[in-house]
Structure formats: C-alpha cells, structure tokens
Amino acid sequence: MRSLRMKLVLIMVLLILALMTVAGSFLINGVGEFYISEFYNQMTGTFSQDFISRLQETATEDNAPNRLKELIMAQPEIGIDISGRNVYVLDESGAVLAASGSADAVSMTANMLTAMNGAVGQASSVTSAYMDLAVPVDSDAGRYIVYVLDNKHTVNALTGEVLTIILRSLALGLLICIILAFLLAQIIIAPLDALTKGTRQVASGDFSQKLTVTSRDELGVLTRNFNSMSMVLKSTLAEVENERNKLSTLFLHMTDGVVAFNSDGGVIHFNPAAVKMLCRTIDPAVKFDELFGATANFSALLALPKPQYFSVEMEAGSRDLELFMAPFSADQADGGIMVVIHDVTEQRHNEQTRREFVANASHELRTPLTNIKSYAETIAEAGGDLPKELHDNFISVIIGEADRMTRIVKDLLTLSRLDSGKMEMSISRFPFARAVSNVYDAVSIDARNHGHRFTLELAPNLPEVDGDRERLEQVIMNIVSNAIKYTPDGGKIRILAATEGQTVYVRISDNGIGIPAQDLPRLFERFYRVDKARSRESGGTGLGLSIAKEILNQHKGDIKIESVYGQGTDVTISLPIAKA
Ligand code: ADP
C-alpha cells in the first residue's frame with residue numbers, strides 16, 4: 001500500500017470496525033441480560049408465597065393440571081402472550097399434563113430437576129438458548145411442577161434488530177469515515193504533494209518556485225522551512241557558482257599552465273597556457289604518461305601524502321618548463337593529480353645572459369689589464385735601458401689601455417644605472433632638428449678627416465620632443481661614430497631626419513662594411529661585436545648599442561638596424577613627438 005491516502009482510509013475503517021464491534025457486543029449483551037433479569041423479576045413477582053398457596057389449593061381440585069395452567073395464564077405479569085413463552089404443568093417425572101401451547105413434551109432442564117427435588121429452579125445464563133422457571137406445587141394430591149419456558153424468541157428478534165441497526169450505522173460510519181479520510185488525506189496530502197513537487201524542482205536545480213504556506217500546523221512549518229531551505233541553497237549555490245566562475249576565469253587566463261588528471265591518469269581539465277607551453281594538443285583521451293611519463297611516476301604521485309608535491313624540470317620544444325605535481329584529494333578513488341606548469345625559459349635565458357655578461361665583462365677588463373701589466377713589466381725590467389721612442393710608445397699604450405678600461409667601466413656603470421632605473425634624466429622639451437644638427441656639426445670634422453661624404457637632410461618643420469637632450473644627442477653621436485668607424489675611408493654617410501605618424505626619426509645610413517644577417521639579432525646584447533679586433537682597435541667597448549637601446553626605451557622610443565653585409569648599414573632612431 002503505497003499511498004498515504006489509502007493508509008489513512010484503512011486506519012479509519014479499522015478504527016470504526018473496532019468501535020462498532022465493541023459497542024455492538026456491549027449493546028447485544030446488555031439487551032440479553034436486561035431481558036433475563038426482567039423475566040426473573042416478573043416470575044419472582046408472580047410466584048409469591050400467596051400465589052403458591054393458591055396453586056397448592058388448586059392442585060387438590062379436579063382437573064388440577066388444567067386449572068393450574070389457567071390460573072397461571074391469568075396472571076398478566078407472566079406475559080404468556082409474549083411470543084415464544086409457554087406455561088406447562090408437569091407431573092413429578094416431567095411429563096406434560098397441561099400446556100399453554102400445543103406441545104405435549106418438553107425437554108428436561110436443570111431448573112426442572114431442581115423443582116423435582118422440591119426447590120424453585122430459576123437459574124439461567126445469557127449464553128443459553130432459553131430461560132425457564134420451574135416451581136414445585138406440593139399438595140396432598142402429589143407434586144405438580146409449574147414450568148414457564150421462554151425460548152428467547154423476543155430477545156433474539158430484538159438482538160437481531162439491534163444488530164441490523166449496528167450494521168447499518170457501521171455502513172454509514174464507514175462511508176462517513178471513508179469520506180473523512182479522503183478529506184483529511186486531501187488536507188495532508190495536498191501540501192505534501194506540493195512539497196514533493198518542490199523538492200523535485202530543487203533537485204533539478206530550479207530554485208525559483210516558492211511554495212505557498214496554507215496552514216499554521218506542522219505541514220505549514222515544514223513548507224515554510226522548505227522555502228527557507230531552498231532560499232539558503234539557492235544563495236549557497238550562487239556563491240559556489242560564483243567561486244567556480246572566478247576559478248575558471250583564473251584558470252583560463254593564468255599564465256601558468258594547469259593540467260588535471262583523474263585517478264586513471266586521464267585528462268579532466270587543462271588550460272590554454274598548458275597547451276601553449278607543452279606545444280601540443282591536449283584532449284580527454286590523452287594520458288598522464290603520454291604527457292609527463294618521462295618525468296614522473298603516476299601511481300607514486302597519487303600516493304603522496306597531502307601537502308607534499310613533486311617538482312621536476314622538462315623541455316618542450318624550445319621551452320624550459322618547471323612542473324609541480326600534487327595529488328588533489330585524499331581519497332585516491334575520486335582524486336587525481338594536478339600539474340602546474342611554469343615557463344622558466346626566460347628565467348633560464350636571463351640567468352644564462354647574466355653568466356655570459358659576467359664572463360664577458362671580466363674578459364673585457366682582463367685584456368687591457370694584461371696589456372698594461374706586460375708593458376709596465378717590460379719597462380721595469382729594462383730599468384731605463386729602453387730607447388726613449390719605445391719607452392714613450394709603451395707608456396702611451398698603457399695610458400690607452402687604462403683609458404679603455406675607464407670607458408668600459410663608465411659604460412658598465414651607465415648600463416647598471418639604466419637597468420636599476422637609477423639613471424637620472426633631465427627631461428626638457430627641445431626641437432629635434434637642433435639636436436640632430438648639433439651632432440652633425442660635432443662629428444663632421446672627424447667624418448671629413450676620413451674622407452667621407454657626410455650629408456644632413458632635415459625635413460621642414462620637424463617637431464619638438466620631450467627627453468634628456470644631452471643623452472639623446474650622445475646616442476645619435478654614438479650611431480654616427482659607428483657609421484664613421486665601420487665605413488672604409490671615402491665612404492658615404494647620410495643623416496636624415498623626418499616624421500612618421502606620431503614619431504620623429506633620424507636615420508643614419510652608411511655604405512660601409514655592413515653587418516652579416518646572422519649577427520643582426522644579437523647587436524643589442526652587451527659586449528656583442530661582429531668583429532672584436534676591429535671594434536677594439538677603434539676604441540669601441542661593445543656596449544654602445546645596448547646603452548642606446550636602454551636610453552631609447554626609457555624615452556618610449558625605438559632603435560632599428562637594417563644592414564646588408566658588405567654594402568652598408570641603416571640605423572633608425574625614433575621618438576614620440578611631444579604632445580601639445
Ligand atoms: P662598439 O663599441 O664595438 O662599436 P656598439 O655596441 O656600438 O659597440 O656596436 C656593436 C657592434 O655592431 C660593433 O662592434 C660592430 O660590429 C657593429 N656595428 C655597429 N654599427 C655598425 C655600422 N654602422 N656598420 C657595421 N657594423 C656596425
């Protein structure tokens with residue numbers, strides 16, 4: 001029986017049945033008992049001592065049995081006209097001598113036996129099928145027994161009537177109770193149905209519906225609690241969803257790569273950064289071993305206790321990757337492994353550059369130092385025996401090398417200040433054309449000395465720029481000096497200044513030795529020189545272009561070098577035009 005409605009009906013039916021059975025049996029029993037006590041009351045009332053004396057007198061008369069019978073029947077209390085009640089006059093042995101009805105024999109009863117022994121027999125019980133009274137009438141003529149027998153016809157009919165009434169009311173009661181049960185069920189079940197529907201909706205993730213509270217009883221409280229529970233759930237879920245969105249946005253846009261694996265080693269999550277870093281496609285079919293099998297053991301990782309993780313480095317394509325791997329749930333079955341990938345290519349490259357820089361700087365400083373030492377030793381060993389010309393020559397070499405070291409140290413200091421942002425710039429607004437022509441004027445004698453054809457072209461109305469004029473002029477000067485240095489005497493050097501969009505630029509073009517294509521990308525590295533001997537010979541430190549690049553960076557400007565080996569070089573410096 002699954003419906004509450006049927007259960008309620010059943011309970012009510014059982015209740016009414018039990019009630020009616022109990023009430024019915026009390027009623028029927030009561031009626032029976034009342035009838036019996038009424039019968040014996042009538043009998044004791046009738047068979048008084050007087051009446052018995054009269055009976056004894058009558059017993060001596062002729063035709064005594066019939067006379068006795070009539071005398072008794074004349075007593076209205078005997079109720080002889082009640083159906084099923086008869087009067088008999090018996091002899092000592094119980095044979096019928098006279099009877100109110102047609103019967104000529106009666107069966108022997110306990111009361112009859114009592115009477116035969118000379119006492120009044122008047123015992124009965126509710127359960128027996130009849131009630132009787134046997135009175136002995138003793139006289140000189142012998143003993144007659146007056147016997148009144150009621151076969152309970154009347155009480156049986158009455159009990160039947162009562163039973164019918166009980167059954168009728170039972171039927172009516174049942175009908176009423178079924179209707180009531182249905183109504184009650186309706187009252188209880190309607191809100192329960194609403195609650196069931198509500199829980200189903202909540203389970204399917206729909207929190208929009210609020211159930212109407214129709215009563216103040218327990219069901220009303222339950223409905224109200226349900227409403228507040230679903231509201232709390234809604235806001236909690238919204239929070240969770242919000243957190244999830246935050247996390248997935250973070251996951252999507254973070255620079256570190258993340259790949260998550262389930263306990264079988266299959267991919268469950270990955271972000272675009274991971275795809276980029278691993279230089280391969282990832283999909284749910286890819287297994288841990290395929291991606292990281294060479295670096296770590298999956299089951300050993302799964303068994304790692306919680307805050308512990310495993311870190312290892314690997315290479316993917318041209319990248320250096322640092323991997324952090326850790327299990328993400330204590331329960332191995334629904335847990336898995338999270339791998340966070342950190343791209344350390346740049347870090348490694350920077351470390352490498354730094355190491356190279358230190359090595360280069362030491363080497364650059366050691367060369368002049370060695371020279372200074374050996375020349376100084378030679379002079380010392382000669383003890384003044386050196387020809388004056390040679391002596392002076394050695395001294396000037398020593399001074400030259402010391403100057404070189406000073407230049408290198410000065411450049412290094414400049415670079416280090418630029419790197420750390422400690423280089424102070426005195427920013428002012430100045431006409432770009434004036435700065436370029438200043439440089440031109442300053443170096444034109446040197447250029448002519450080398451027999452170069454040195455020209456300056458300035459576009460009309462060149463704008464102003466904001467910047468450290470002295471340093472920017474120094475940068476342009478450096479580039480022009482390079483053009484003079486790396487162009488064989490009698491070459492062509494041209495300076496052109498013009499605007500382009502929001503920038504103003506100066507281009508220094510020469511038809512000198514040019515730069516091999518493979519060296520072009522490395523020109524801005526510190527100490528990088530295409531031809532070390534030539535650079536050193538001309539007093540270069542290999543730091544000029546790096547310094548130029550740094551200074552232009554700080555001015556939001558740019559420097560580009562285009563060159564064809566053996567034909568010449570174009571260096572373009574551009575700066576943003578000063579805003580009005
Ligand atoms: P350096 O002090 O050696 O000149 P730079 O940083 O100024 O150092 O230049 C780096 C290198 O770039 C030079 O050693 C040289 O090989 C090359 N270079 C620069 N300018 C030119 C140019 N105009 N023509 C050819 N090579 C050049």
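Everything quoted here is computed from the prediction, not taken from an experiment. Start at 1 and go down the list; that is how both ligands and their atoms are numbered.
The closest protein non-hydrogen atom to atom 23 (N) of ligand 1 is D510 OD2, 2.9 Å. In terms of protein heavy-atom proximity, atom 5 (P) of ligand 1 is nearest to L545 N, 3.7 Å. For atom 26 (N) of ligand 1, the closest heavy atom belonging to the protein is I515 CG1, 3.3 Å. Ranking the protein heavy atoms by distance from atom 10 (C) of ligand 1 puts Y528 O, 3.5 Å first. The protein heavy atom nearest to atom 12 (O) of ligand 1 is L523 CD2, 3.4 Å. In terms of protein heavy atoms, atom 3 (O) of ligand 1 is closest to S535 OG, 2.6 Å.
Looking at H452, its side chain does come within 3.5 Å of a backbone N or O of G491 through a donor-acceptor pair. Checking side-chain atoms of D510 against main-chain N and O of G568 turns up no donor-acceptor pair under 3.5 Å. Formation of a donor-acceptor pair under 3.5 Å by the N271 side chain with backbone atoms of D256 is found in this model. A donor-acceptor pair is defined here as one N or O able to donate and one able to accept, closer than 3.5 Å; such a pair exists between the side chain of R404 and the backbone of G540.
Residue T569 has at least one nitrogen or oxygen atom sitting less than 3.5 Å from a nitrogen or oxygen atom of ligand 1, judged on distance alone. Ligand 1 has no nitrogen or oxygen under 3.5 angstrom from a nitrogen or oxygen of I513. Where the criterion is an N or O separation shorter than 3.5 Å, residue side chain and backbone included, Y486 meets it with respect to ligand 1.
Of the options N478, I561, V530, the smallest heavy-atom separation from atom 17 (C) of ligand 1 is shown by V530. In this comparison of N482, I484, V571, the heavy atom closest to atom 19 (C) of ligand 1 sits on N482. Taking all heavy atoms of G514, S481, G512, G542 into account, the minimum distance to atom 1 (P) of ligand 1 is reached by G542.
For ligand 1, the atoms sitting less than 4.0 Å from at least one non-hydrogen atom of R529 are 3 (O), 14 (O), numbered in the order shown with element in parentheses. Those atoms of ligand 1 with a heavy atom of A483 less than 4.0 angstrom away are 23 (N). Every atom of ligand 1 with a heavy atom of G540 under 4.0 Å away is listed here by number and element: 1 (P), 2 (O). Of all atoms in ligand 1, numbered sequentially from 1 with element shown, those under 4.0 Å from a heavy atom of T541 are 2 (O).
With a 4.5 Å cut-off on side-chain heavy atoms, F207 and L233 count as touching.
Atoms CE and OH, on M325 and Y309 in that order, are 13.0 Å from each other to the nearest 0.5 Å. Taking OG1 from T345 and CG from L321, the interatomic distance works out to 6.0 Å, rounded to the nearest 0.5 Å.
The aromatic rings of H342 and F324 sit perpendicular to each other, their planes meeting at more than 60°, with 30° as the lower class boundary.
T572 and R507 form a side-chain donor-acceptor contact under 3.5 Å, judged by distance and modelled atom types alone.
Residues F292 and F298 place their aromatic rings such that the two centres sit no closer than 6.0 Å.
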